[in-house]
Amino acid sequence: MSKQRAVWQSGLGFFLASAGSAVGLGNIWRFPYMAGENGGALFILVYLLIIIFITSFALICEIALGKYTKKNCVEASMQIHHRFKWLGFSMIVSTLLIPAFYFVVGGWIIYYLFYSFSLPAGNYGDVFMAMTAKPVLTCTLAIVFLATCSYFNYKGVNEGVEKCNKILMPMLCVIMVILAVFSLSLPGAAEGLAFMFRPDFSKLNGKVFIDALGQSFFTLSTGTGAMLIYGSYMTAEHRIIKNSYSIVAFDTLVAICAGLIIFPAVFTYGVEPQGGPGLVFVTLPEIFRQMPGGSLFSAAFFLLLLFASVTSGISLIENPVAVLHEMCGMSRKKAVLLTSIAIALLSLPCALSFGILSNVKLFGKTFFDLFDFFSSNLLLPLNSMFICLGVSIFFRAKSDFHFKNRTYDRIFWIMTRYIIPVVMVIIITSAFIN
Ligand code: PHE
């Protein structure tokens, strides 16, 4: 069953694919609304601390596990210890639950892309609600988004994604900077900046921590095995630490830039920062409507955002596909098809969560919110915690895995073996007690 495995064709290949996985809706859609719901600056501060001291180490462990085992998430987990097989399956569960809601948002992006050319003056909150409440429309769009991602998975990642990323990612960044500059010239800019950078510590509570923890894992694609599988296509020349910190820096800059676009607009147009999943879809059209050449900017922005989310979507699908292909001997085509059907079925309740299923709630949450909360805030941090522990205890003993820089090496093992697991258990339990 051991077939020739794919490897990244160029030095840049791994970085682009994994940055492509990291940068997506998590930065531009999820980050601003999470920050908006959790008091802005305070959330951003906690988020940055967690990224630096927890998630970046977890990312390194996950990539290292892939690179050194050259296996999919289930087999790699079994290389940590045979009792860790469940960890691989838990990662698979997360790569089925996340696309279930992620691809629904991907579908909204497609709608807004076409809507760009007919931006009327009006209440964009109503436009958003009207769109999400249409069952056939949202389900169809989610499936179109899913089919687009699966097509690339079927074709293989090297040819399409590796090449497109090189051109489209920088273009997305350029448009975002232009939008941020425009947004910062709006009358609500000062208030927006204060909301983002002046923390109000009286708002500190367990929810801020758990949401920031979940957001940090979600945005870096850590804990799903997406980074593990990309790491497994690395060659000996690919550097783990350099690449990981570059991904973290790039991803964080994109998120902050998204905040600089959204929050000045929020305060200028009197939108509630706690607007939830619709926040970006209500504020952005306002910005575009006011900008000279707004329709074109809007179309370009949503097209590039669509691309950024497709590259993340591909990395989500790649994980179960690799397991089915490598462990069950299924052809790549069949594996992609089976994974897509499973995701499509799981997406339906999420797509309908804003319309006909909006009153169906479990633990007080709609399917959309529940899948997001359960996977981002629980599964990803827990999976990552066990990856850190597994790599630092079992894997290090087996493979005598060290970093060249001795000081970093010591800090790394102390962090991953003791500090990160303890801090994560505290955050997760305190959030639930609250
Ligand atoms: N990191 C991606 C984003 O920010 C989402 C994602 C999560 C992708 C988990 C893969 C795995 O949009």
Side-chain angles (χ1 to χ4, degrees), residues 15-35 47 51 55-56 58-59 62-63 66 72-73 90-109 145-146 149-150 152-153 157 161 165 168-169 172-173 176 211-231 244 247-259 277 280 304-322 339 343 346 371-384 387:
F15 174 73
L16 288 174
S18 34
S21 168
V23 172
L25 297 173
N27 310 61
I28 296 162
W29 158 71
R30 201 174 186 279
F31 174 79
Y33 98 73
M34 280 286 144
Y47 166 83
I51 286 254
T55 323
S56 54
L59 175 68
E62 185 170 329
I63 295 176
N72 59 66
C73 64
S90 175
M91 288 189 239
I92 300 283
V93 172
S94 68
T95 43
L96 293 175
L97 289 184
I98 292 178
F101 66 87
Y102 197 90
F103 290 12
V104 171
V105 185
W108 299 346
I109 304 281
F145 185 86
L146 166 67
C149 298
S150 320
F152 284 103
N153 287 88
V157 176
V161 181
N165 260 319
L168 296 174
M169 278 302 194
L172 178 70
C173 296
M176 285 190 71
D211 280 351
L213 188 76
Q215 174 61 20
S216 73
F217 282 96
F218 185 88
T219 191
L220 290 178
S221 311
T222 317
T224 54
M227 289 299 187
L228 187 154
I229 194 75
Y230 278 6
S244 304
I247 296 167
V248 171
F250 181 51
D251 187 83
T252 307
L253 284 177
V254 177
I256 297 289
C257 191
V280 168
L304 293 169
L305 181 56
L306 180 66
F307 183 81
S309 42
V310 166
T311 53
S312 304
I314 293 167
S315 72
L316 282 159
I317 298 177
E318 184 63 19
N319 208 25
V321 167
T339 306
I343 293 175
L346 288 167
F371 281 28
D372 184 352
F373 181 85
F374 179 71
S375 50
S376 312
N377 292 6
L378 272 180
L379 267 187
L380 301 196
L382 285 175
N383 288 348
S384 282
I387 294 174

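The first residue in the sequence is number 1, and the count goes up from there. Because only heavy atoms are used, hydrogens play no part in the values below, and waters and symmetry mates are left out as well, while side chains stay in. We count ligands from 1, going down the list as the structure has it; atoms in each ligand are counted the same way. Being a predicted model, the structure only gives us computed values, none of them experimental.
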Please answer whether the main-chain N or O of [Y] pairs with a side-chain N or O of [X] as donor and acceptor at a distance below 3.5 Å.
X      : Y      : answer
Thr311 : Gly20  : yes
Asn377 : Phe374 : no
Ser375 : Phe371 : yes

Number the atoms of ligand 1 from 1 as they appear, then name those within less than 4.0 Å of a heavy atom of Leu25, with their elements. 12 (O)
Run the numbers on Thr55 and Thr222 for side chain to side chain donor-acceptor pair (under 3.5 Å), then give the verdict. CA-CA 8 Å; Thr55 323; Thr222 317; over 6 Å; no
Do any heavy atoms of Tyr102 fall under 4.0 Å from ligand 1?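 Distance cut 4.0 Å: Tyr102 passes for ligand 1.
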Taking both backbone and side-chain atoms of Ser315, is any N or O found less than 3.5 Å from an N or O belonging to ligand 1?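 Min N/O separation from ligand 1 is not below 3.5 Å for Ser315.
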[atom]: which protein heavy atom is closest, and how many Å away?
atom                   : result
atom 4 (O) of ligand 1 : Ala22 O, 2.8 Å
atom 7 (C) of ligand 1 : Phe218 O, 3.3 Å
atom 8 (C) of ligand 1 : Ser221 OG, 3.3 Å

Just so I know, are the side chains of Ile109 and Leu25 near enough to count as touching, which here means a heavy-atom distance under 4.5 Å?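 Counting from C-beta outward, Ile109 and Leu25 do come under 4.5 Å.
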Fit a plane to each ring of Trp29 and Trp108, take the angle between them on a 0 to 90° scale, and name the class: parallel (under 30°), tilted (30 to 60°) or perpendicular (over 60°). perpendicular
Closest candidate by heavy atom, reference atom 2 (C) of ligand 1, pool Ala255, Ser21, Ala226, Gly26: Ser21
